[in-house]
Amino acid sequence: MIFETLSRRFYIMLDIKIELTKCPKEKPTDESKLGFGKLFSDHMFVMDYTEGQGWHDPRIIPYQPFSLDPATVVFHYAQEIFEGMKAYRTAEDKILLFRPDCNARRLNDSADRLCIPNIPEEDFIQAVSTLVSVERDWVPHSADTSLYIRPYIFATDVGLGVHASKHYIFSIICSPSGAYYAEGIDPVRIYVEDEYIRAAPGLTGFTKCGGNYAASIKAGELAEEQGFAQVLWLDGVEKKYVEEVGSMNIMFKIDGKIYTAATVGTVLPGVTRRSCIELCKDWGYEVIEGKLAIADIMAAAKEGKLEEVFGTGTAAVVSPVKELKWKDETAYIGDGKIGPLTQKLYDTLTGIQWGKLPDDKGWTVEVK
Ligand code: COI
């Protein structure tokens, strides 16, 4: 919470009440079987919003279901947003968050578009850090595992009129997780979607709202039936330019340069995307954020210039792509194995996140 006077800005920390569970769950013994987002920790964070009163009653309580009226706005009109973050355990048993300020800002950008009240960045970071601190024993120990953190806000007014709700719940849950894809860091096959679209100018493509993902499920299911891990979305107007993949942003290394869609309203501004761009630039690569036609990518593949393709996302980390199928054309990337830049990005990013490499950029925040 922030108070401003004429000359000073005061930050008052949230007074988070903590109620610990009396029935702690068994922690997973075999961390190689964690999968992604299947198992949840003992506690959750909850805070309520009431118009006129603002956010109130921040609390950490035992993980439990919500009791909601069947006419609650979120069930009918999907006024909901979320974030994805991770907590990492270092070899010294420190627990680190990665760029939580970026998630705090993006949540508020999503909130603005969905008419949901903002959460002050400091409050968001305090809520995440306090919950992770309570759940620190749930941060897994094995390589390539982490505690996936899911902050989300949903509308809780009761009634069937379409309007911005006057009541909301902000909650955070945690899930000890392994790799997002069953393939792990093995390269995946991607289907370029040319019928359905994910976003169009003026819509919600840049936000992390549940509705974006709901609208993507059909195409994802059809692609999966054909053995593809995810779909690559083209722009919603001309179906010509690449935008993003189901759960991640996507980058192409063509003839030594890195290309990715600009985040101009229809593409999610990914925290991993942004971090990879910064690293690539540090390493001397030219990174072009703009319009890249799928036809040019397929042509580059034919000319042997499509060197690497990889997705970036919190859940997916850095995920190599070995094949792109668009209409009746297929591009095979490299020799089907993870490329050197993709591997270097994966190693550097995860090295910083797990505290194995120095964090020269100050990206990590320790949870005490
Ligand atoms: C994330 O990468 O954190 C996401 O939110 C993507 C999600 C669909 C798994």
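Quick caveat, the model's predicted, so the values are computed rather than measured. Note that ligands are numbered from 1 as they come in the structure, with each ligand's atoms numbered from 1 the same way.
- Salt bridge status for Asp282 with Lys361: present, with a side-chain N to carboxylate O gap under 4.0 Å.
- Neither the backbone nor the side chain of Met248 comes within 4.0 Å of ligand 1, counting heavy atoms alone.
- Using a 4.0 Å cut-off between a side-chain N of Lys or Arg and a carboxylate O of Asp or Glu, Asp93 and Arg89 qualify as a salt bridge.
- Between Glu244 and Arg273 no salt bridge is recorded (no basic side-chain N to carboxylate O distance below 4.0 Å).
- Under the 4.5 Å side-chain heavy-atom criterion for ILVMFWY residues, no single connected hydrophobic cluster contains both Leu234 and Tyr191.
- Looking at atom 1 (C) of ligand 1, its nearest protein heavy atom turns out to be Tyr148 OH, 3.3 Å.
- Taking the ring centre of Tyr285 as origin, the terminal cationic atom of Lys253 falls outside the region bounded by 6.0 Å and 45° from the ring axis.
- Among protein heavy atoms, atom 2 (O) of ligand 1 sits closest to Ala315 N, 2.8 Å.
- Here the rule is ring pair (Phe, Tyr, Trp, His ring centres under 6.0 Å) with Phe170, and of Tyr152, Tyr49, Phe45 only Phe45 fits it.
- Contacts between Lys86 and ligand 1, counted as non-hydrogen atom pairs separated by less than 4.0 Å, are absent for every part of the residue.
- Residue, atom and distance of the protein heavy atom nearest to atom 9 (C) of ligand 1 are Tyr180 CE1, 3.5 Å.
- At the shortest separation from atom 7 (C) of ligand 1 among protein heavy atoms lies Arg150 NH2, 3.9 Å.
- Of all the listed residues (Met85, Glu83, Lys208), Lys208 holds the heavy atom that lies closest to atom 5 (O) of ligand 1.
- Atom 8 (C) of ligand 1 has Tyr213 CE2, 3.5 Å as its closest protein atom, hydrogens excluded (heavy atom only).
- Ion pairing between Arg105 and Asp101 holds under the 4.0 Å rule for side-chain N and carboxylate O.
- Counting atoms of ligand 1 from 1 in the listed order, those under 4.0 Å from a heavy atom of Phe82 are 5 (O).
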